[in-house]
Protein chains: 6
Amino acid sequence: MKKLPLPPVRRLVAQALEEDLAWGDITTDTLIEPSWRARGRIEAQAKGVLAGVEVAGLVFQTVDPDLEYVAALADGQRLDRGSLIATVAGAAASILKGERTALNFLQHLSGIATATASHVEVLAELETRLVDTRKTLPGLRLLQKYAVRVGGGHNHRMHLGDGVLIKDNHLALLRARGIGMSEAVARAKAQAPHTVRVEVEVQSLEELQEAIAAGADIVMLDNMGVEEMERACELAQGRCLLEASGGITFEKLRYVAGTGVDMVSLGRLTHSVQALDIHLELEPA
Amino acid sequence: MKKLPLPPVRRLVAQALEEDLAWGDITTDTLIEPSWRARGRIEAQAKGVLAGVEVAGLVFQTVDPDLEYVAALADGQRLDRGSLIATVAGAAASILKGERTALNFLQHLSGIATATASHVEVLAELETRLVDTRKTLPGLRLLQKYAVRVGGGHNHRMHLGDGVLIKDNHLALLRARGIGMSEAVARAKAQAPHTVRVEVEVQSLEELQEAIAAGADIVMLDNMGVEEMERACELAQGRCLLEASGGITFEKLRYVAGTGVDMVSLGRLTHSVQALDIHLELEPA
Amino acid sequence: MKKLPLPPVRRLVAQALEEDLAWGDITTDTLIEPSWRARGRIEAQAKGVLAGVEVAGLVFQTVDPDLEYVAALADGQRLDRGSLIATVAGAAASILKGERTALNFLQHLSGIATATASHVEVLAELETRLVDTRKTLPGLRLLQKYAVRVGGGHNHRMHLGDGVLIKDNHLALLRARGIGMSEAVARAKAQAPHTVRVEVEVQSLEELQEAIAAGADIVMLDNMGVEEMERACELAQGRCLLEASGGITFEKLRYVAGTGVDMVSLGRLTHSVQALDIHLELEPA
Amino acid sequence: MKKLPLPPVRRLVAQALEEDLAWGDITTDTLIEPSWRARGRIEAQAKGVLAGVEVAGLVFQTVDPDLEYVAALADGQRLDRGSLIATVAGAAASILKGERTALNFLQHLSGIATATASHVEVLAELETRLVDTRKTLPGLRLLQKYAVRVGGGHNHRMHLGDGVLIKDNHLALLRARGIGMSEAVARAKAQAPHTVRVEVEVQSLEELQEAIAAGADIVMLDNMGVEEMERACELAQGRCLLEASGGITFEKLRYVAGTGVDMVSLGRLTHSVQALDIHLELEPA
Amino acid sequence: MKKLPLPPVRRLVAQALEEDLAWGDITTDTLIEPSWRARGRIEAQAKGVLAGVEVAGLVFQTVDPDLEYVAALADGQRLDRGSLIATVAGAAASILKGERTALNFLQHLSGIATATASHVEVLAELETRLVDTRKTLPGLRLLQKYAVRVGGGHNHRMHLGDGVLIKDNHLALLRARGIGMSEAVARAKAQAPHTVRVEVEVQSLEELQEAIAAGADIVMLDNMGVEEMERACELAQGRCLLEASGGITFEKLRYVAGTGVDMVSLGRLTHSVQALDIHLELEPA
Amino acid sequence: MKKLPLPPVRRLVAQALEEDLAWGDITTDTLIEPSWRARGRIEAQAKGVLAGVEVAGLVFQTVDPDLEYVAALADGQRLDRGSLIATVAGAAASILKGERTALNFLQHLSGIATATASHVEVLAELETRLVDTRKTLPGLRLLQKYAVRVGGGHNHRMHLGDGVLIKDNHLALLRARGIGMSEAVARAKAQAPHTVRVEVEVQSLEELQEAIAAGADIVMLDNMGVEEMERACELAQGRCLLEASGGITFEKLRYVAGTGVDMVSLGRLTHSVQALDIHLELEPA
């Protein structure tokens with residue numbers, strides 16, 4: 001759990017195992033004697049980037065503290081078809097009981113790291129950050145955002161309490177009461193912890209200018225075209241960070257980054273994850 | 001929560017909200033007065049099948065019991081770009097706090113229902129069932145399997161305790177101790193609850209014959225080609241259910257089903273979900 | 001925890017210990033120094049069948065990971081008055097704190113295993129299964145059903161999600177809407193997972209015929225007399241499994257089984273448990 | 001929940017429902033439309049004393065807040081075969097989903113109240129209290145001890161933290177270090193909260209005298225014969241409370257109480273409970 | 001719960017009530033009939049600032065949903081000796097059961113708000129913020145930091161994941177590997193989310209210059225004297241925010257703030273709280 | 001955890017760590033390599049009494065089971081400025097992650113023990129007990145009451161279920177229904193467990209006489225003056241225990257105890273705790 005906090009990950013793992021094992025494993029318990037030993041090899045079935053190797057180990061250890069789990073690779077390393085990720089040895093029944101849950105974590109997290117890495121590659125040599133969003137799967141945000149970092153991306157806000165992001169919906173409500181963006185930013189700066197930056201979502205260059213004038217630390221350019229973003233960068237002149245957001249396909253990514261925006265945020269890194277194919281090969285021991 | 005059990009769904013919703021709201025919403029709490037009211041419209045941004053409309057309602061109700069949430073459509077109904085899914089009215093701040101979590105559920109579950117439905121369409125007029133697997137995302141299995149049903153698919157085992165599935169790994173362990181498939185099936189039938197069926201995974205037609213002779217109720221044809229599956233169906237003659245599994249692309253689905261197998265199982269329905277685009281439009285009230 | 005899933009049992013054990021120890025043990029904490037060591041012998045005070053020896057060990061290990069617990073017998077073995085079940089050695093104070101909770105599990109689970117075994121003996125040489133029900137004590141179902149298996153019984157459904165059982169109450173509701181048993185069974189077969197069987201409760205031979213014609217996999221004969229059950233077996237001719245249920249006393253069990261029914265279900269195995277007398281003898285060390 | 005604390009009972013009810021409903025109710029969800037309404041009558045099938053009527057209501061309310069549950073009797077009232085205990089009306093599917101869990105609570109708690117009441121009757125006109133023990137079923141102590149009170153019994157310690165009971169095992173450990181009963185009682189009185197009494201277990205009249213001299217507030221007479229208990233009462237002369245414990249059958253109870261002991265404790269009230277037969281009759285509405 | 005997130009506060013309240021009520025209220029349950037009604041007035045016994053009035057309401061509502069709780073004042077309002085804070089009406093027994101827990105929250109949170117406000121008053125007309133720390137009481141951080149805001153203070157980091165604060169311990173570890181402050185700040189800026197600021201703790205003006213040169217957003221001046229802080233402010237010239245920390249007594253606060261630092265952080269606001277005296281007066285109704 | 005129950009303390013520690021670490025430690029994870037080792041010394045910065053040394057160890061062990069934590073002193077021992085309390089060695093990153101939470105427990109609990117001890121010293125050579133109350137901080141009662149014992153104080157009731165305390169509010173409600181103190185005490189004695197004593201709160205000597213006549217085991221003298229308490233002691237003549245409560249400052253304590261009351265209860269021991277200054281010094285290893 002090198003850079004993952006153990007207490008919440010333990011809780012997530014225990015909960016995942018309860019889903020699968022709360023009523024036992026009637027196949028294994030019926031057929032496999034507790035004394036039979038085996039050795040499992042966890043291997044990649046496709047190219048990608050590994051994430052979750054320690055989480056998978058925690059799964060096996062939670063099923064049976066006597067299992068020996070040895071990671072062959074570390075999170076962040078490249079996988080080829082056939083790469084050995086880890087081995088697990090001990091009671092065959094215990095390996096079988098943990099297998100699916102361990103793979104479910106590994107496949108999902110490696111899927112995120114892999115997709116993130118392929119986007120990050122596009123940005124090579126640019127200063128633009130690839131960042132995630134709060135469009136995560138319920139209950140999995142901590143791990144999903146970890147996998148984004150493993151893949152070379154950066155995190156945006158973790159939750160509603162660790163950053164100010166004044167969105168169009170906030171602005172609409174404020175405007176209905178006669179409060180403009182400038183006043184909104186001022187209030188946020190006056191009240192939010194000094195440790196976090198204030199970000200404002202804008203739809204146009206006019207709003208961008210308003211945001212900069214108001215002292216926004218970060219401005220999210222919502223669904224702007226590439227040319228508009230270029231003008232935004234010129235206009236901002238480094239007075240605030242600029243985040244491109246909305247409708248940025250893989251194909252467009254390089255062009256968007258080329259405009260000079262500081263970061264590009266992509267919901268699909270976490271809301272539309274393609275699992276990476278990883279399996280466990282068991283051999284009697 | 002018509003066909004979803006309330007106690008576990010309540011727990012999942014509370015946990016999802018803790019992820020986002022455990023430390024409050026510093027943007028909203030700073031800018032939006034508790035007395036301001038608004039009305040949100042939840043709308044589809046793409047074609048698909050709705051799933052999770054009641055779960056989303058429970059999210060808003062958990063954030064603020066005074067919010068009024070009205071579903072305009074029911075789970076299973078078709079969505080077009082622009083379809084109104086639900087409205088939520090009350091304290092603007094409360095709507096903003098629940099928005100992301102509600103959408104995260106809706107987008108994921110509707111994504112599953114939509115993909116399932118598009119596969120089920122391919123099977124129209126055939127008797128073949130589309131079934132899910134245990135390749136689900138940790139913590140979300142109950143809801144994911146619900147969304148598969150909403151999309152017209154069927155569920156396979158919920159967990160390791162509600163069905164017997166003797167897989168290749170089990171068989172290898174047994175054979176290493178001189179126990180063949182026949183004996184394995186016999187043991188499973190003797191010990192498992194009479195309420196569940198016994199399924200065996202096979203790699204070849206020889207194994208299929210062995211499984212049928214052993215009295216397997218269901219046989220999983222693992223990664224077989226279409227022709228081999230056809231022969232399997234002829235060979236089985238209805239003495240057991242046949243499940244096609246492994247490597248079945250969307251393109252191959254119709255051919256596989258055409259062989260006469262009783263069900264096709266697809267891990268990607270739940271492990272590689274494309275979120276359906278759904279958003280919430282807020283208007284001051 | 002050989003055939004019991006560790007994560008949920010850990011949770012149950014922790015919860016049981018919280019009941020007894022949440023506010024400490026004011027007797028032991030006042031009188032017994034942490035450095036004092038002792039050795040406890042857990043012994044049967046009556047004949048029976050052991051169940052829960054690993055659960056009891058987990059209790060002591062949870063109170064104090066330094067306690068050494070050694071099982072002398074395994075679950076399923078016969079106990080005589082005086083049989084040594086396990087020993088536990090280490091800090092005397094820790095043994096005293098875990099004693100009652102460990103014994104409460106052992107006495108209850110061994111009570112279930114013992115009663116189950118005495119019923120199963122009656123069925124010796126018959127093919128009839130003794131099965132449990134969902135009439136379990138809240139929170140204890142997993143362990144109670146485990147103890148039934150330890151005693152030689154079989155499990156019926158674990159919960160409402162792992163088997164279809166169409167009961168008289170379902171049928172009455174359906175009939176009030178003009179839907180007969182035949183249609184009900186057809187719907188259940190069409191929608192339930194293919195991994196589970198469909199069972200129907202009947203009150204008469206006419207209903208049995210209806211159920212068989214409808215394709216029920218299992219039929220529960222509710223509160224039938226022995227002769228009626230005999231006729232039911234003749235009538236079914238193996239086309240479905242038959243379960244005898246309701247009002248089957250210990251004395252009647254052999255006769256009921258003699259009719260040829262496939263299983264007899266008894267709620268009292270889990271709802272009316274006589275604890276087996278087991279105690280812990282402590283000696284200073 | 002008149003005299004039961006709501007927060008922990010809510011937790012126990014939610015947990016019991018998760019056991020049964022975590023994966024839905026595939027029978028009911030398949031066959032019973034959410035819009036169908038019904039009315040259930042919960043009735044006693046045997047004579048006894050009611051306990052748990054509010055807990056059962058909380059079960060139904062947790063499954064579906066729209067169910068209307070009306071208790072016809074209150075905890076503590078006598079039941080005859082056929083007595084109406086409560087009615088529940090609303091969505092038929094919701095009633096079916098809560099039925100088993102509600103009855104499991106009712107049958108167990110009423111079983112305890114009934115057995116307690118039949119013992120208490122034996123003590124009529126005597127001052128002797130019938131008290132329970134810590135020999136309860138894991139997770140159910142709060143409710144079991146409540147049911148004992150409902151049946152007219154009294155509670156002994158709730159847990160290890162709310163009373164001092166120096167048992168033979170404590171004394172043996174102390175004696176091995178040269179500490180006698182007198183010193184033990186003195187230490188307990190010096191350190192335990194002043195709000196609780198100090199009880200000592202004795203095996204003989206000599207020990208009883210020692211305990212009284214030491215200032216014990218309560219003395220437990222362990223497994224003494226009736227005559228020895230009589231002498232104990234004479235000897236104590238009201239200087240301490242006397243509790244008879246161990247091996248007291250229903251037949252012996254009156255004789256034991258007749259000796260003048262202040263209380264008789266019975267483990268079987270909670271460790272060996274005979275469920276009271278209660279069922280739910282459903283009628284379509 | 002206007003600006004407090006409901007799901008986590010509900011959890012904290014339920015947990016607090018379990019502490020007090022898990023085994024019932026044997027005084028109230030023995031003496032007070034469930035039908036007796038009463039009305040309680042919650043009043044301040046001392047001058048101060050109110051915090052927790054909604055939390056207290058949630059306590060009563062959790063004990064008994066039928067209690068009527070009406071807040072007379074809102075969080076942040078001034079209290080005099082005798083000020084009416086809220087009334088609660090309904091079953092007398094329920095009010096008695098919630099009283100202590102409700103007051104424990106109110107007294108603690110109002111104590112924090114009161115002390116915070118008295119410090120904030122000292123800063124009147126200055127721009128210096130009073131901020132809290134992570135020196136909070138385990139389990140209570142969310143509520144404690146809320147109370148600081150109610151009292152007019154600001155929050156520093158909520159937890160280790162929502163801000164970068166490079167402390168002396170970090171720097172010592174880095175220096176031991178030849179990594180200086182400049183490199184440390186650069187790494188933090190490269191990897192931390194762009195939404196949070198990077199703060200560095202310094203012990204001297206030399207380190208302050210190093211931190212500014214490294215691009216630190218905030219610098220914590222650890223245990224500096226007033227004159228040194230003045231020079232720090234001159235030196236910084238607004239290039240970073242300056243936080244005074246360590247050993248700042250109430251008496252010194254004004255002088256420290258007068259140096260021009262942007263914020264003063266005080267651990268004692270949350271780690272050494274003087275409860276505000278608040279009580280509940282009950283009158284039979 | 002010598003005299004603290006492990007299961008609930010484990011739960012409290014895990015919860016405290018979730019507060020701080022649920023989203024990781026972005027400073028440490030960014031700057032400190034997992035392989036770097038360090039050694040921390042936990043030292044007192046002020047005189048006092050140690051409490052919580054084992055709890056702090058559990059914090060570090062929960063963050064990282066590989067940390068080596070060695071207590072240099074035991075709870076209850078005196079601390080001077082500079083006293084070494086414990087050392088912790090292992091991964092530097094893990095020490096940094098646990099530091100704040102461990103210190104938060106230590107500082108709070110040692111603060112309680114220290115204040116308790118300074119009050120207890122005043123009572124030296126007197127028989128009067130210093131006792132705590134239920135005015136504890138939500139969620140922390142178990143640990144706070146432990147710290148009171150460590151400081152030489154005694155515990156009053158743990159919760160509403162382990163002692164009878166008839167307060168003025170109870171009496172007012174009873175009187176409104178024509179039930180006097182005498183009847184109230186009689187009812188309580190008849191119904192409460194025999195293991196707990198019955199305490200009554202009185203405001204005057206008349207009420208004290210009434211309480212004694214009613215057979216109260218303990219009488220709480222609420223807010224009486226020193227002379228009135230002296231008369232109360234004469235009047236009681238040891239027929240009941242007397243508890244002085246309300247408005248007893250440190251200065252008055254000796255005088256109050258000198259009256260001969262059996263115990264003095266002080267809410268401030270737990271509701272208004274001054275943290276003891278303790279810090280962790282880290283050195284690279």
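What you see below is based on every heavy atom in this structure, not just the backbone, and it leaves out hydrogens, waters and symmetry mates. Sequence lines set the chain letters: A, B, ... in the order given, protein chains first and strands last, and positions in each chain run from 1.
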How far apart are the closest heavy atoms of E/A216 and E/V200, and which atoms are they?
CB-CG2, 3.8 Å
Sort E/T133 into side chain, backbone, both or neither according to what part of it lies under 4.5 angstrom from a heavy atom of chain F.
neither
Which pair of non-hydrogen atoms, one from E/V59 and one from E/A102, has the smallest distance, and what is that distance?
CG1-N, 3.8 Å
Give the C-alpha distance, both sets of side-chain angles, the deciding distance and a yes or no for side-chain contact (heavy atoms from CB on, under 4.5 Å) between F/L31 and F/W36.
CA-CA 11 Å; F/L31 297 176; F/W36 296 0; over 6 Å; no
I need the residue from F/V273, F/L103, F/D162, F/L142 with the largest number of non-hydrogen atom pairs under 4.5 Å to chain E.
F/V273
Where on E/P8 is there a heavy atom nearer than 4.5 Å to chain F: the side chain, the backbone, both, or neither?
neither
Which bit of E/A93 is near chain F, if near means a heavy-atom gap under 4.5 Å: side chain, backbone, both or neither?
neither
Between E/V164, E/N169, E/L137, the one whose heavy-atom pairs under 4.5 Å with chain F are most numerous
E/N169
Given a strict heavy-atom distance threshold of 4.5 Å, which part of E/E18 is in contact with chain F: side chain, backbone, both, or neither?
neither
Which one, E/A184, E/A192, E/A285, E/A38, leads in non-hydrogen pairs under 4.5 Å with chain F?
E/A184
What pair of heavy atoms forms the shortest contact from F/L282 to E/L173, and how long is it?
CD2-CD1, 3.5 Å
If you tally heavy-atom pairs under 4.5 Å against chain F, which of E/G267, E/A188, E/A172, E/G24 wins?
E/G24
Shorter than 4.5 Å, heavy atoms on both sides: which option in F/M158, F/Q15, F/R187 has the most such pairs with chain E?
F/Q15
Bottom line for E/I32: the part with an atom under 4.5 Å from chain F's heavy atoms is side chain
Between chain E and each of F/I95, F/L21, F/L140, count heavy-atom pairs under 4.5 Å; write down the option with the most.
F/L140
Using heavy-atom distances under 4.5 Å, tell me whether E/L12 contacts chain F through its side chain, its backbone, both, or neither.
side chain
Minimum heavy-atom separation for F/L109 and F/G52, please, with both atom names.
CD1-CA, 4.0 Å
Would you call F/D20 and F/R100 a salt bridge, using N to O less than 4.0 angstrom?
no
In terms of heavy-atom proximity below 4.5 Å to chain E, should F/V196 be classed as side chain, backbone, both, or neither?
side chain
Where on E/T270 is there a heavy atom nearer than 4.5 Å to chain F: the side chain, the backbone, both, or neither?
neither
Find out whether E/V198 and E/I218 are in side-chain contact, i.e. whether some heavy atom of one side chain is under 4.5 Å from a heavy atom of the other.
no
Using a cut-off of 6.0 Å, state whether more than 12 heavy atoms not belonging to E/R175 lie near its atom CZ.
yes
Engaged part of F/A190 at the chain E interface, taking heavy atoms whose separation is under 4.5 Å:
neither
Run the side-chain contact (heavy atoms from CB on, under 4.5 Å) check on E/T114 and E/K47 step by step: do they pass?
CA-CA 8 Å; E/T114 301; E/K47 289 173 75 85; over 6 Å; no
Tightest non-hydrogen contact, residues E/S272 and F/A275, listed as OG-N, 2.9 Å
Of the backbone (N, CA, C, O) and the side chain (C-beta and beyond), which part of E/I179 lies under 4.5 Å from a heavy atom of chain F, both, or neither?
side chain
For chain F, which candidate among E/G40, E/A176, E/G139, E/P193 shows the most heavy-atom pairs at distances under 4.5 Å?
E/G139
F/R177 versus chain E, heavy atoms under 4.5 Å apart: side chain, backbone, both or neither?
side chain
Among F/L280, F/T101, F/T136, which residue has the highest count of heavy-atom pairs closer than 4.5 Å to chain E?
F/T136
Using a cut-off of under 4.5 Å for heavy-atom pairs, which of F/A16, F/P138, F/G163 has the most such pairs with chain E?
F/P138
Verify side-chain contact (heavy atoms from CB on, under 4.5 Å) between E/L276 and E/H108, making sure each step is shown before the conclusion.
CA-CA 7 Å; E/L276 190 74; E/H108 184 65; over 6 Å; no
Chain F contacts, top residue of E/R268, E/R157, E/H271 (heavy-atom pairs, under 4.5 Å)
E/H271
Regarding E/K97 and E/D29, does a basic nitrogen lie under 4.0 Å from an acidic carboxylate oxygen?
yes
If you tally heavy-atom pairs under 4.5 Å against chain E, which of F/K167, F/R134, F/E33 wins?
F/R134
Using a cut-off of 6.0 Å, state whether more than 12 heavy atoms not belonging to F/R11 lie near its atom CZ.
yes
